[in-house]
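Read the structure below first, then the notes.
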Amino acid sequence: MKAFQESVLALSGGVGGAKLALGLADVVAPGQLHVLANTGDDFRHLGLHISPDIDTLLYTLSGKANEVLGWGLANETWNVMDALERLRGDTWFRLGDNDLATHLWRTAQLDEGASLLQITDTLARQLSIASHIHPMCEERVSTTVHSEGGDLAFQHYFVREQCKPAVTGFSFEGINQASPNSNVMALLADEAFSTIVVCPSNPFVSVDPILQIPGMWTTLRDSAAPLVLVSPIVSGMALKGPAAKMMLELGVPVTAFGVAQHYCDLYPDLLDYFVIDESDATLATEIASLGVEVAIAPTVMKNRNEKQRLAQFVLDLVG
Ligand code: FO1
C-alpha cells in the first residue's frame, strides 16, 4: 500500500473516532496525520486531570489500547482501584495502575504550568507516535449533559450513570472563552492539509465540542481542503456508545440521514462528502438532497485491515 504523501487533518473523539484515526495513520505517510482531539470529556477526578479522548488516541495510535474495553491500556492491573475500594474511595471511574501514571504525570505537568498541547506532544513522542495529536483548545471546555433528571457532568452521565438518563440537550461550559488549537489553525491558514476527515464519532459529545469552539467550523469550511464526514450511525445503530440513544431522545431520526441533517443544520456548507455504510445505500438520495455528496462504503471497522480500507477509501474519494 503506497503511503498517501499529503497532510491530513482528522477530527476525533471517543472510541469510534480513534479506530479511523488508526486506519488513517496506517495509510498516510509518517508524520502527515494531524488529529484534532475532543477535550470536552476531560474532568478532574481524585485530584487528577483526566483527558479520556486524548488518551484513547495516544493508546490506540501506539498500539497499547485495551481493545476489549475501548479505553485505557491493554494488560492492565487494578491494584490501586482495589486498594481505593478498601478505603471506600471513588472507584466508579476505573483507572488502571499503568493508566494512572499518565494522569499523575499530566496533572503534575499542568501544575508546573505546561500546556495541554506540550503535554500531549511529549506523551505522543514518548509513545513513538509519528502522528500529531492536538487538543482542540488549551482552555477548559466541559461537556454538560442535560437530562430530564437534571444536568450531569459528562463522565457522570457516561460512566457513573451508564448513559441511562434520557438526554434533552448538551452544553459546553467555557467554550465561548476557548480558542481553536493555534498549531492547527496555522496549518489550516497555510492550506497544509489536502483532506479533512471527521471520524465516526458521536456528533453531540465528541464532534460538536470541537466544531463549536469560536472560529473552528467556519475555518474548516473555508479551507480549500475538502471535508469528508463518516457516519457514526450504521443501519440505525451506533457502533459503540450512546449516539443512537441520544438521537432517539432528541427526536432526531436515528439514521445516517439524521446525522447528515444535524451537521447540515448546524454547520451549513461544512460537509463536502458524507460517507455512509453499504447497508444504508437507500438513504443516499435523501441525504444528497441536503446538498452533500454521498459516498457509499463498508464503514464497519472490525479489524486493522478494515480500518485501513475505510481510510484509503476516504482519501481516494478526495484524491
Ligand atoms: N469508560 C467507561 O465506560 N467506564 C470507565 O470506568 C472508564 C474509565 C476510563 C479511564 C480512563 C480513560 O481515558 C477513559 C475511561 N473511560 C471509561 C472512557 C471515558 O468515559 C471516555 O470519555 C469515553 O471514551 C467517551 O469518550
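In each ligand, atom 1 is the first atom listed, and ligand 1 is the first ligand listed. Just the heavy atoms: all of them, side chains too, but no hydrogens, waters or symmetry mates, feed the values below.
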Quick check: Trp92 with His45 (ring centres under 6.0 Å apart)?
yes

Taking the basic N atoms (NZ, or NE/NH1/NH2) and the acidic carboxylate oxygens, is any pair closer than 4.0 Å for Asp99 and Arg94?
no

Could you list, one pair per line, each nitrogen or oxygen of ligand 1 together with any protein nitrogen or oxygen closer than 3.5 Å, giving atom names and the distance rounded to 0.1 Å?
unit_1, atom_1, unit_2, atom_2, d
ligand 1, 1 (N), Trp71, NE1, 3.3
ligand 1, 6 (O), Arg94, N, 2.9
ligand 1, 20 (O), Gln155, OE1, 2.8
ligand 1, 22 (O), Asp41, OD2, 2.9
ligand 1, 22 (O), Gln155, NE2, 2.9
ligand 1, 26 (O), Asp41, OD2, 2.7
ligand 1, 26 (O), Asp53, OD1, 2.8

Taking atom types as modelled, is there a side-chain donor on Gln109 or Thr107 under 3.5 Å from an acceptor on the other?
no

Taking the cut-offs as 6.0 angstrom to the six-membered ring centre and 45 degrees off its axis, would you call Arg221 and Trp217 a cation-pi pair?
yes

Establish, from distance only, whether the side-chain atoms of Asn66 and Tyr59 form a donor-acceptor pair under 3.5 Å.
no

Partner of Leu227 by side chain to side chain contact (heavy atoms under 4.5 Å, CB included), out of Thr195, Asp272, Leu9:
Asp272

